[in-house]
Novice: 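After the structure tokens below, expect a handful of questions from me.
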2 protein chains.
Amino acid sequence: MANVARYDREEVVRKAMLLFWEKGFNGTSTRDLQRTIDMRPGSIYAAFGNKEKLYGEALECYSQEMSGILARHIAEQGSPLAGLEMFFRNVVIDRRESNPSEVCMLIKTLSEVNEQQSELLELSRELLKRAEIRFTGILQQARDQGEIAATANPVVLARHLQVQMIGLRLYMKTSGKPEAVRELITNLFKSIAVK
Amino acid sequence: MANVARYDREEVVRKAMLLFWEKGFNGTSTRDLQRTIDMRPGSIYAAFGNKEKLYGEALECYSQEMSGILARHIAEQGSPLAGLEMFFRNVVIDRRESNPSEVCMLIKTLSEVNEQQSELLELSRELLKRAEIRFTGILQQARDQGEIAATANPVVLARHLQVQMIGLRLYMKTSGKPEAVRELITNLFKSIAVK
DNA sequence: TAATAACTTGAACTGTCGTTCAAGATCAAA
DNA sequence: TTTGATCTTGAACGACAGTTCAAGTTATTA
């Protein structure tokens with residue numbers, strides 16, 4: 001064939017994701033990117049097309065990581081509802097300082113990007129929708145196992161959880177009060193659990 | 001003394017606010033601003049210092065507007081809790097298309113801005129804190145009037161409302177489902193009201 | 001009416017942006 | 001060992017960013 005790429009695409013996308021997550025789309029310059037992923041402009045544009053498409057791949061990478069974290073918590077707890085609660089605590093409170101940003105990358109994108117990057121807007125909507133569907137499935141399991149009321153509606157509850165996840169992470173960044181947020185999460189799951 | 005400014009400062013800041021709210025800090029160029037507020041660079045920099053300071057004034061203008069809207073709803077409803085609920089419906093659902101953005105401008109700032117504009121970060125934190133204190137006061141009134149349980153904690157409840165307001169507005173933009181969001185708001189206020 | 005302080009104008013500066021592309025390097029196949 | 005397709009390099013492009021400032025305009029004061 002010919003010369004073969006000298007970079008690991010997954011690794012590169014992950015590094016780009018961390019930078020984009022921290023600085024946002026407009027806040028990240030292509031020169032920032034070049035340094036971070038250690039590639040020259042020509043290679044980047046040959047591999048990814050442009051900045052927007054690379055950001056798109058970074059968004060998908062972010063989604064996969066979050067999805068993996070959720071799966072791990074559910075497996076560890078051996079219970080859908082307890083797994084969800086641990087996931088909330090972990091993402092909103094514990095990881096807030098080691099992560100590039102306290103805010104969900106999908107939400108950052110949704111609130112930053114305008115109509116000129118409508119593909120990114122649609123992609124973040126799509127990925128958030130998938131997360132909600134994921135929540136719905138987990139809540140159905142919780143209902144089947146009697147962890148939440150048999151009359152509860154998993155679809156409505158999943159929407160509720162999405163609102164909480166979005167709101168809590170931003171409130172964490174706003175207030176800087178982990179104890180207050182911990183209390184809010186506890187109350188949230190108390191109000192969901194079967195009484 | 002001498003020549004007098006030919007622009008109305010309040011009006012100019014309000015126009016700048018609407019543009020910044022729509023496009024964000026990094027997404028708004030000074031030339032965008034020049035066109036929108038109809039001032040030349042020299043005048044802008046003489047009046048406001050720089051882009052960041054103008055953005056700061058825009059943030060305060062935004063806060064005042066939101067605060068006014070809340071006050072009007074409470075006055076109209078003649079009840080703290082009903083006023084709050086109408087405020088939520090109005091801001092999250094009714095005004096979403098006429099506003100420059102569906103997302104709260106303070107939250108947009110908080111999630112976009114980095115350490116290089118730490119003044120703006122601190123300012124949005126401060127203004128969000130004021131909003132929360134405002135909520136606390138209203139909830140205290142609601143408790144005094146027996147609209148919520150006498151055992152309810154207005155401070156914790158105000159935090160809860162902040163999380164909801166942030167989450168609901170972003171979820172509205174994510175999902176594009178006003179009916180689902182309306183249901184979430186109804187549930188929220190049902191869960192708060194005295195049973 | 002002349003002087004002067006305040007405000008406005010817009011060209012221009014320096015720096016950085018996203019992106020392109022010709023030239024060089026690399027490796028599998030012939 | 002030569003060929004040739006593929007990938008890498010980094011200088012360079014035009015556009016636009018935030019900001020400055022000398023020159024011009026305006027209205028008040030003396």
Side-chain angles (χ1 to χ4, degrees), chain A residues 1-13 15-17 19-59 108-109 112-121 123, chain B residues 1-13 15-17 19-59 108-109 112-121 123:
Chain A
M1 296 288 143
N3 198 3
V4 76
R6 270 185 281 288
Y7 59 87
D8 177 339
R9 192 179 179 97
E10 268 194 42
E11 190 189 315
V12 159
V13 170
K15 282 183 184 168
M17 179 272 275
L19 185 67
F20 275 134
W21 187 7
E22 182 190 346
K23 305 205 168 188
F25 183 77
N26 290 317
T28 305
S29 75
T30 50
R31 271 158 254 261
D32 269 350
L33 276 170
Q34 288 162 36
R35 211 179 315 109
T36 302
I37 69 181
D38 191 28
M39 284 175 76
R40 262 41 64 195
S43 295
I44 298 178
Y45 280 78
F48 300 102
N50 58 27
K51 185 184 171 185
E52 194 176 337
K53 283 180 188 160
L54 175 52
Y55 191 96
E57 290 204 30
L59 274 183
K108 264 187 105 154
T109 309
E112 177 182 7
V113 151
N114 57 33
E115 325 307 328
Q116 285 167 18
Q117 293 102 21
S118 56
E119 284 182 32
L120 292 183
L121 226 159
L123 181 55
Chain B
M1 292 298 138
N3 198 4
V4 76
R6 272 186 279 289
Y7 60 87
D8 176 339
R9 193 180 179 95
E10 266 196 42
E11 190 188 314
V12 159
V13 170
K15 281 183 185 168
M17 180 272 276
L19 185 67
F20 275 134
W21 187 6
E22 182 190 346
K23 304 202 168 190
F25 182 77
N26 290 316
T28 305
S29 75
T30 49
R31 271 155 254 260
D32 268 352
L33 276 169
Q34 290 163 34
R35 211 179 313 110
T36 302
I37 68 180
D38 192 26
M39 285 176 74
R40 260 41 62 196
S43 296
I44 298 179
Y45 280 79
F48 299 103
N50 58 28
K51 185 185 170 186
E52 194 175 337
K53 284 179 186 160
L54 174 53
Y55 191 95
E57 291 204 30
L59 274 184
K108 262 186 107 155
T109 309
E112 176 183 7
V113 151
N114 57 32
E115 325 308 328
Q116 285 167 18
Q117 293 102 23
S118 56
E119 284 182 32
L120 292 183
L121 225 159
L123 181 57

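All heavy atoms count here, side chains included; hydrogens, waters and symmetry mates do not. Here is the naming used below: chain letters follow the sequence lines, and residue numbers restart at 1 for every chain.
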Novice: Is it true that, when you exclude Q34(B) itself, more than 12 heavy atoms of the residues, nucleotides or ligands shown sit nearer than 6.0 Å to its CD?
Specialist: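 For Q34(B), atom CD is crowded (more than 12 foreign heavy atoms under 6.0 Å).
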Novice: Give me the one residue out of F20(A), W21(A), F48(A) that meets ring pair (Phe, Tyr, Trp, His ring centres under 6.0 Å) with Y55(A).
Specialist: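 One option only clears the test, and that one is F20(A).
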Novice: Between Y45(A) and dT20(C), does any side-chain N or O lie under 4.0 Å from OP1 or OP2?
Specialist: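 False: Y45(A) side-chain N/O out of range (4.0 Å or more) of dT20(C) OP1/OP2.
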Novice: Check the surroundings of atom CD in E52(B): do more than 12 heavy atoms from other residues, nucleotides or ligands lie under 6.0 Å from it?
Specialist: yes
Novice: For dA17(D) and S29(B) - does any side-chain N or O of the residue sit under 4.0 Å from the phosphate oxygens OP1/OP2?
Specialist: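 The answer is yes; a side-chain N or O of S29(B) sits under 4.0 Å from OP1 or OP2.
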Novice: Starting the side chain at C-beta, find the nucleotide from dC17(C), dT20(D), dC7(C) nearest to P41(B).
Specialist: dT20(D)
Novice: Looking at A47(A) and M39(A), what are the two nearest heavy atoms and their distance?
Specialist: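 Minimum heavy-atom contact is CB-CE, 4.5 Å.
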Novice: How bent is the helix from dT1(C)-dA30(D) to dA30(C)-dT1(D), comparing axes over its five end pairs at each side, to the nearest 10°?
Specialist: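 What I find for the helix from dT1(C)-dA30(D) to dA30(C)-dT1(D) is an axis angle of 10°.
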Novice: How close do E112(A) and G27(A) get, counting heavy atoms only, and between which atoms?
Specialist: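 In terms of heavy atoms, the two residues are closest at OE2-N, 4.2 Å.
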Novice: When you get a sec, tell me which of dT8(C), dG18(D), dT20(C) is the closest nucleotide to the side chain of S43(B)?
Specialist: dT8(C)
Novice: Using the side chain to side chain contact (heavy atoms under 4.5 Å, CB included) rule, take L33(A) and L54(A) through it: C-alpha gap first, then chi angles, then the decisive distance, then the call.
Specialist: CA-CA 10 Å; L33(A) 276 170; L54(A) 175 52; 4.1 Å; yes
Novice: Within this structure, what is the CG-to-P distance between N26(B) and dC16(D), rounded to whole angstrom?
Specialist: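 It works out to 18 Å between those atoms.
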Novice: Would you mind reading off the distance between I44(B) atom CD1 and dC7(C) atom P, rounded to a whole angstrom?
Specialist: 15 Å
Novice: Would you say R31(B) reaches dG18(D)'s phosphate, i.e. side-chain N/O to OP1/OP2 under 4.0 Å?
Specialist: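 So the side chain of R31(B) is outside the cut-off, no N or O lying under 4.0 Å from OP1 or OP2 of dG18(D).
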Novice: Taking 4.0 angstrom as the limit, do K53(A) and E57(A) come out as a salt bridge?
Specialist: no
Novice: What nucleotide among dT9(D), dT19(C), dT8(D) has an atom nearest to a side-chain atom of R40(A)?
Specialist: dT9(D)
Novice: Nearest-Å distance, CD (Q34(A)) to C1' (dT19(C))?
Specialist: 10 Å
Novice: Could you tell me the separation between the CE atom of M39(B) and the C1' atom of dA6(C), rounded to a whole number of Å?
Specialist: 13 Å
Novice: Could you tell me the separation between the CG atom of D32(A) and the P atom of dG15(C), rounded to a whole number of Å?
Specialist: 18 Å
Novice: Could you tell me the separation between the OH atom of Y55(A) and the P atom of dT19(C), rounded to a whole number of Å?
Specialist: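 The distance from OH of Y55(A) to P of dT19(C) comes to 15 Å, rounded to the nearest Å.
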Novice: Please work out if A46(A) contacts a base, only the sugar-phosphate, or nothing of the nucleic acid, heavy-atom cut-off 4.0 Å.
Specialist: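 Contact class for A46(A): none.
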Novice: Expressed as a whole number of angstroms, how long is the span from K53(A):NZ to dG18(C):P?
Specialist: 16 Å
Novice: Could you give the OH-to-C1' distance, from Y7(B) to dT26(D), as a whole number of Å?
Specialist: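 My rounded result for the distance is 15 Å.
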Novice: What contact category does F48(B) fall into here, base, sugar-phosphate, or nothing, at under 4.0 angstrom with non-hydrogen atoms?
Specialist: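 Since no nucleic acid heavy atom lies under 4.0 Å of F48(B), the category is nothing.
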Novice: Both A5(B) and N50(A) contact DNA chain C. Taking the nearest nucleotide for each, which residue is further toward the 5' end?
Specialist: A5(B)
